[in-house]
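Take a look at the structure set out below.
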Amino acid sequence: METIEQLKTKIEALVREFNPAVDLSPGSVLSELVSKATAAAQLGLHQEYTTINQGATVSAALASSTDTYNPVIDQIASNFNVARNQGRKAAGKLKVVVNANKTYYFAAGLTFNQPALGLQIATTTQLRADSTGTAPVTVKQEGNQFYVVLPVEAVEASEQSTVSNGTRFDLVSTSALPEFVGASAYGNFSTGQHVESDKELISRFKTGLTSKHLLSKQSVEAAMQDLVPTFKEASLVGLGDPEITRNRHNLFGIAMPGVVDCYVRSAVTVATTKLTKTGTKIVGGEYNGKWEINFTADDAPGFYRVVSVVVNKGDFLGSQQFVAELYSYDPRSGIAHPNDITNAAEARFSRYQTCRLIFDYTSTASTAVFDVIVEHMPDLALIQDQFQSEANRIPGCDYLVKAVVPCYVSVALRIARFNVTQEVDVAAIKQDIFNYVNGLKLGESVSASHLINICHKYNIKQVQLPLLLTGRVLKPTTAGTKFLNIRGDDKLEIPNLPKQGISPNNTAFFIEYFDTNGKESINVQLV
Amino acid sequence: MPVSTTSTDYAGRLIDINISGRIDLADPSARPMGLTFGLVSSKCTGVLKLCQKYVVVLLTALGSQPEYQTFGTSLIPTLLGGNMINVGELVHTFNLASWSAVKQLKAYQLEHPDIPEDERISTAMLESYDVQGTTVLFDVKLVTESGEEVPFVLPVGTLI
């Protein structure tokens with residue numbers, strides 16, 4: 001493609017053909033107002049034309065060196081009953097610490113930056129904050145400092161805007177808030193998603209015409225991608241698979257067909273949600289004096305675990321000490337065609353799961369309102385309802401939707417540069433590792449050699465071995481939160497422990513940039 | 001803008017559109033040089049064209065042309081930024097910007113040795129200045145490679 005200088009030279013030659021006496025040197029009026037402006041306009045048209053040309057046909061879009069978003073491909077996609085996913089921005093809450101208790105006015109577009117992720121987030125509306133409790137946002141005290149919690153969203157729609165609780169942010173323009181001390185994510189942000197490019201849309205053509213019934217893995221995935229745009233993968237566990245026990249609910253304990261556990265990964269990463277729940281002081285019994293919160297089947301259905309409990313409108317830091325997490329189930333006998341579940345273990349990570357959380361809290365009151373943060377796989381109830389709707393359900397079959405068992409991965413890499421002054425795009429390497437691990441299918445392992453290949457896409461000297469790959473598999477236990485730790489130097493594999501509810505068929509790798517303690521999960525160190 | 005001679009033959013010179021006012025040769029006093037459209041159209045060449053080019057480069061905000069990020073100077077952004085501490089900084093800011101404008105014009109001159117000497121800049125100096133309300137009047141002296149000294153007054157507003 002022509003550069004702006006080449007275009008400007010062409011335009012100037014054309015002008016001189018009409019009048020050889022014109023001065024078009026830099027600073028001349030004709031240069032500044034005519035040739036430069038015309039060349040810039042021509043360049044825009046050239047770029048637009050080139051992009052349109054690259055996406056005009058399916059083959060051209062696939063061969064394109066850049067991501068294209070051509071309406072022509074949308075029209076072709078409609079023939080395959082597929083529509084472009086328009087993406088969405090990650091959103092969440094940001095805890096902003098300030099050094100003074102006063103009335104604050106936060107403008108819309110107040111921007112914060114996460115340098116390691118190369119991510120910018122901003123407020124979307126103008127907000128007023130004070131400590132009286134009458135303003136839309138309340139200034140709260142924490143030690144000698146004060147903080148506010150602001151709703152924010154990513155400036156751009158992309159998966160890279162996945163933000164974990166505690167992730168630190170800087171203020172882009174410090175003059176906009178002179179009292180600024182620091183900022184961190186208040187709970188995980190909702191998962192963002194980029195606008196689907198032509199290449200990605202074309203790759204879905206084949207699933208577009210697939211029969212979208214709920215019988216096979218491929219057809220389930222095709223149907224669910226229409227229902228939940230972020231849907232990634234499904235795994236059907238049924239007759240002959242050791243992970244399932246529900247198909248033995250008969251007099252002889254013999255495994256029978258027609259009963260299936262459908263493990264789903266409905267998003268790139270695990271989501272966190274803040275629930276506001278009323279806690280009650282326990283009087284009498286084993287937990288006398290402790291407090292409890294009861295979660296129903298509709299509270300973040302099938303959630304993985306409770307991350308923290310803090311009293312509503314109190315300090316955010318930390319959590320009340322957990323005494324017991326007792327998972328149970330709600331048979332949901334009031335609905336048509338409920339799934340056959342006979343114990344809490346079968347209901348774990350499913351729409352039927354309930355939980356009784358017992359924790360320490362000191363108060364003279366008998367009830368109090370708490371903010372509870374839970375981790376979960378989004379849209380689980382929606383997917384289960386789809387399987388049970390009259391229009392879609394398969395008579396004689398029992399499909400129970402469960403969130404895939406999560407394995408939280410951490411990676412530590414040491415990258416040697418050619419010299420200490422060399423700059424390496426660490427944020428881009430982290431982003432590629434994030435995409436690789438979260439893009440792994442069920443049954444695949446995290447490969448150290450693949451991580452090394454990712455690093456060598458960049459101009460580096462070497463990756464120092466051994467690599468440290470660690471994973472924590474959340475066990476689907478019914479009492480407490482327990483992890484199975486795994487590690488590896490050359491690869492990370494899910495162990496086959498079906499009796500513990502863990503196997504390569506139902507367990508997926510997840511990686512975040514930061515864990516729930518704000519510690520980096522993708523640690524890339526330059527040496 | 002008085003010029004020292006009127007005997008130059010301007011035949012065959014490259015011309016530009018004149019947006020900096022008309023020179024009154026009979027008026028010996030320096031006149032303000034403002035860039036504006038709307039007067040009767042005229043062309044310019046020679047030293048007036050050079051002065052106009054210098055002023056255009058000087059008053060173009062650095063980075064304001066997306067495709068030509070290095071064209072222009074930081075004079076206007078600094079003046080409009082409202083962070084000028086004292087007059088010493090004003091002089092310093094102007095001199096830096098003027099030096100940058102001269103350098104940009106000289107870079108082009110180096111590549112084009114055929115440009116007549118009275119259209120080639122040698123230097124530009126700030127003689128004095130006068131602050132009148134929100135306007136600063138810079139008294140500038142431009143020197144061409146032919147040795148001609150051209151004094152003029154450049155008014156610059158400090159309000160957006």
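First the proteins, then the strands, lettered A, B, ... as listed; each starts at 1.
Using a 4.5 Å cut-off between heavy atoms, B:Leu105 touches chain A through its side chain atoms alone. Neither the backbone nor the side chain of B:Gln104 comes within less than 4.5 Å of any heavy atom of chain A. With a threshold of 4.5 angstrom between heavy atoms, B:Tyr54 does not approach chain A through any atom at all.
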Evaluation steps, side-chain contact (heavy atoms from CB on, under 4.5 Å), between A:Phe106 and A:Arg128: CA-CA 6 Å; A:Phe106 299 102; A:Arg128 181 169 61 87; over 6 Å; no

Evaluation steps, side-chain contact (heavy atoms from CB on, under 4.5 Å), between B:Gln52 and B:Asn18: CA-CA 8 Å; B:Gln52 182 172 286; B:Asn18 178 20; 3.3 Å; yes

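A:Asp170 places no side-chain N or O within donor-acceptor distance of the main-chain N or O of A:Val172, the cut-off being under 3.5 Å.
Interface summary for chain B: among A:Pro26, A:Ala39, A:Ala40, A:Ser31, the most heavy-atom pairs under 4.5 angstrom belong to A:Pro26.
For the ring-ring contact (aromatic ring centres under 6.0 Å, His included) with B:Phe138, the qualifying choice from B:Tyr129, B:Phe152, B:Phe94 is B:Phe94, the only one to do so.
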